[in-house]
Undergrad: 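Structure below; questions to follow.
In this chain, residues are counted from 1 in sequence order. Worth knowing before you read on, the calculation uses all heavy atoms, side chains too, and leaves out hydrogens, waters and symmetry mates.
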Amino acid sequence: MISGIIGAIIGGISGFLIGRYFSKLGGVCPLLCNPKISTLYFALLGFLLAYKKF
């Protein structure tokens with residue numbers, strides 16, 4: 001469970017940075033250009049990748 005939480009934190013941080021960077025470029029992808037959505041999406045993705053029982 002701890003690995004899943006750490007994965008979610010790392011995924012959320014990386015998602016936030018990706019969202020901030022792509023929003024300044026003015027892209028059209030709503031998943032990557034919105035920092036709020038990309039933070040939640042990458043946190044969930046990081047949790048699922050790091051959690052060993054899914």
Undergrad: Provide the closest heavy-atom pair for Ile18 versus Phe42 in the form atom of the first, atom of the second, distance.
TA: CD1-CZ, 4.1 Å
Undergrad: Compare every heavy atom of Gly11 with every heavy atom of Ser14, then report the nearest pair and how far apart it is.
TA: OG-O, 3.0 Å
Undergrad: Applying the 4.5 Å side-chain criterion to the ILVMFWY set and letting contacts propagate, would Ile10 and Leu48 be lumped into a single cluster?
TA: no
Undergrad: Remaining members of Leu40's ILVMFWY cluster at a side-chain heavy-atom cut-off under 4.5 Å?
TA: none
Undergrad: Can you tell me how far CD1 of Ile9 sits from CD1 of Ile6, rounded to the nearest 0.5 angstrom?
TA: 7.0 Å
Undergrad: Once side-chain contact (heavy atoms from CB on, under 4.5 Å) is applied, do any residues pair with Ile37, and if so which ones, sequence neighbours excluded?
TA: Leu31, Asn34
Undergrad: Please report the shortest heavy-atom distance between Ala50 and Gly7, naming the atom on each side.
TA: CB-CA, 3.8 Å
Undergrad: Determine whether Tyr51 and Met1 make a side-chain contact, defined as any pair of heavy atoms from C-beta on separated by less than 4.5 Å.
TA: yes
Undergrad: Taking all atoms of both residues into account, what is the closest heavy-atom pair of Ser38 and Gly15, and its distance?
TA: OG-O, 2.8 Å
